[in-house]
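What you see below is based on every heavy atom in this structure, not just the backbone, and it leaves out hydrogens, waters and symmetry mates. Because the structure is predicted, anything quoted here is derived from the model rather than measured. We're numbering straight along the sequence, starting at 1.
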Amino acid sequence: MNPITMQLVADKYIRLALEEDISSEDVSTNSVMPEYKKGEVQLICREDGIIAGLQIFERVFTLLDPETRVVFDVRDGEEVKKGQHLAAVTGDVRVLLSGERTALNYLQRLSGIATYTHTVAGMLEGTGTRLLDTRKTTPCMRIFEKYAVRIGGGQNHRYNLSDGVLLKDNHIDAAGGVREAVTAAKAYAPFVRRIEVETENLDMVKEAVDAGADIIMLDNMTLEQMAEAIRYIDGRAETECSGNMTKENIRTIAELGVDYVSSGALTHSAPILDISLKHLKVLTD
């Protein structure tokens with residue numbers, strides 16, 4: 001995540017997370033550490049995975065105190081092992097204690113998403129099918145969670161509702177049909193926006209092709225329906241399969257020749273990666 005994005009976008013969410021955890025003061029820390037003392041604590045990995053979110057982890061501490069220093073032994077995207085030393089954090093002991101949980105929440109969550117995405121993306125190797133995330137993200141965590149998907153080897157679908165046209169079932173119902181929805185989108189949306197249509201059966205697929213959709217999503221279809229739809233589309237639009245994409249079936253679906261598979265599970269169902277801050281020492285310099 002580049003510094004501009006961090007300061008313009010990410011910082012406000014990190015501040016909100018800190019404010020959620022420290023509404024007035026950290027009573028526990030202020031009880032045992034009433035004044036400044038310099039300390040150091042170690043970041044340790046507790047299970048194998050892909051690390052992601054190190055900059056976010058660091059930023060939690062530097063927002064509390066710019067003098068905090070974090071020295072990393074790894075970079076985002078690297079494989080890490082159980083018991084591996086990842087970083088040392090040095091600074092005001094009060095900052096180390098007060099920022100610990102928020103910093104770890106980010107790092108554990110993003111590393112879990114990157115690890116799960118890495119596993120799923122590996123199942124698509126050699127197929128030419130690209131793995132996408134969705135908007136099924138934790139509120140106020142989207143910028144971080146979608147970043148973690150990229151670190152894990154996936155790609156991002158649209159970031160938010162302003163980022164592209166995706167005509168889903170309720171949009172189609174509101175417009176009165178697939179053709180009507182696509183026609184309305186072409187008339188309204190800027191010409192640089194591609195138009196994607198969610199379809200549930202072959203009749204909708206045919207209508208979407210005839211209406212000139214750029215991308216056709218095959219949503220919750222059987223393997224047979226998806227195969228038939230891809231044959232019918234025949235390159236006239238890009239194809240995306242979505243709905244109940246799992247580690248068990250995603251390779252089979254990719255081998256149908258679909259351009260993309262999208263999976264909400266990348267962000268809403270990935271378990272955290274267990275990471276801890278341990279062995280805090282008060283330094284005498």
Side-chain angles (χ1 to χ4, degrees), residues 49-50 52 77 110-138 141-142 144-161 163-172 178 193-209 213-271:
I50 304 296
L110 301 192
S111 297
I113 290 171
T115 299
Y116 182 75
T117 301
H118 178 75
T119 300
V120 178
M123 297 175 177
L124 299 179
E125 286 185 6
T127 66
T129 300
R130 285 160 283 185
L131 178 65
L132 304 176
D133 57 20
T134 71
R135 284 171 43 245
K136 295 176 182 177
T137 54
T138 309
M141 282 285 290
R142 183 171 296 170
F144 307 117
E145 292 179 351
K146 281 182 170 283
Y147 168 77
V149 167
R150 295 200 307 275
I151 291 297
Q155 297 182 18
N156 297 146
H157 204 292
R158 58 178 180 162
Y159 178 72
N160 60 25
L161 293 174
D163 202 32
V165 179
L166 174 49
L167 303 172
K168 298 175 73 67
D169 53 355
N170 287 329
H171 297 102
I172 292 167
V178 172
R193 301 288 193 202
R194 296 201 296 172
I195 296 173
E196 180 171 8
V197 179
E198 179 185 272
T199 62
E200 299 171 354
N201 53 58
L202 190 58
D203 287 340
M204 293 180 73
V205 168
K206 292 177 178 179
E207 213 177 335
V209 170
D214 300 299
I215 309 166
I216 298 175
M217 179 191 293
L218 312 175
D219 188 51
N220 284 301
M221 292 186 185
T222 65
L223 282 173
E224 293 74 18
Q225 287 174 320
M226 285 187 279
E228 187 178 3
I230 292 167
R231 284 195 299 270
Y232 179 83
I233 294 167
D234 193 26
R236 288 176 287 177
E238 290 189 292
T239 53
E240 174 188 342
C241 289
S242 182
N244 299 312
M245 296 292 125
T246 67
K247 291 188 290 185
E248 290 70 31
N249 66 15
I250 201 165
R251 176 78 186 194
T252 302
I253 291 169
E255 288 174 346
L256 296 175
V258 66
D259 295 307
Y260 305 95
V261 289
S262 56
S263 173
L266 299 182
T267 50
H268 69 57
S269 294

Nearest 0.5 angstrom please: [X] [atom1] to [Y] [atom2], how far?
X: I195; Y: R193; atom1: CD1; atom2: CZ; result: 11.5 Å
X: T199; Y: E240; atom1: OG1; atom2: CD; result: 10.0 Å
X: R231; Y: L256; atom1: CZ; atom2: CG; result: 9.0 Å
X: E228; Y: L223; atom1: CD; atom2: CG; result: 13.0 Å
X: T115; Y: I50; atom1: OG1; atom2: CD1; result: 5.5 Å
X: L266; Y: H157; atom1: CG; atom2: NE2; result: 12.0 Å

Check your understanding: Think K206 forms a cation-pi with Y232, using NZ or CZ under 6.0 Å from the six-ring centre and within 45 degrees of its axis?
Key ->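 K206 over Y232 ring: yes.
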Non-hydrogen atoms of [X] and [Y] that approach each other most closely:
X: Y159; Y: K146; result: CD1-CD, 3.7 Å
X: A121; Y: G153; result: CB-O, 3.9 Å
X: A270; Y: Y116; result: CB-CB, 3.8 Å
X: T267; Y: K136; result: OG1-O, 2.7 Å
X: V178; Y: I172; result: N-CG2, 3.6 Å
X: T134; Y: G264; result: OG1-CA, 3.4 Å

Is the backbone of [Y] close enough, under 3.5 Å, to the side chain of [X] for a donor and an acceptor to pair up by distance?
X: T129; Y: V258; result: yes
X: R236; Y: A213; result: no
X: D219; Y: E200; result: no

Exercise for review: Determine whether the side chains of S262 and S242 contain a donor N or O and an acceptor N or O closer than 3.5 Å.
Suggested key: yes
Exercise for review: Step by step, work out the side chain to side chain contact (heavy atoms under 4.5 Å, CB included) result for I215 and D259.
Suggested key: CA-CA 10 Å; I215 309 166; D259 295 307; over 6 Å; no
Practice item. Output, in order, the C-alpha distance, side-chain angles, deciding distance and verdict of side chain to side chain contact (heavy atoms under 4.5 Å, CB included) for L166 and M217. Key: CA-CA 9 Å; L166 174 49; M217 179 191 293; 4.0 Å; yes
Just so I know, are the side chains of [X] and [Y] near enough to count as touching, which here means a heavy-atom distance under 4.5 Å?
X: V209; Y: D234; result: no
X: L110; Y: M141; result: yes
X: I250; Y: I253; result: no

**Study point:** Basic-acidic side-chain contact under 4.0 Å: R194, E238
**Key:** yes
Check your understanding: Can you list the steps and then say if V149 with L131 is a side chain to side chain contact (heavy atoms under 4.5 Å, CB included)?
Key -> CA-CA 9 Å; V149 167; L131 178 65; over 6 Å; no
Practice item. Only one of M221, Q225, M226 passes side-chain contact (heavy atoms from CB on, under 4.5 Å) with V205; say which it is. Key: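 Of the listed options, the one satisfying the test is M221.
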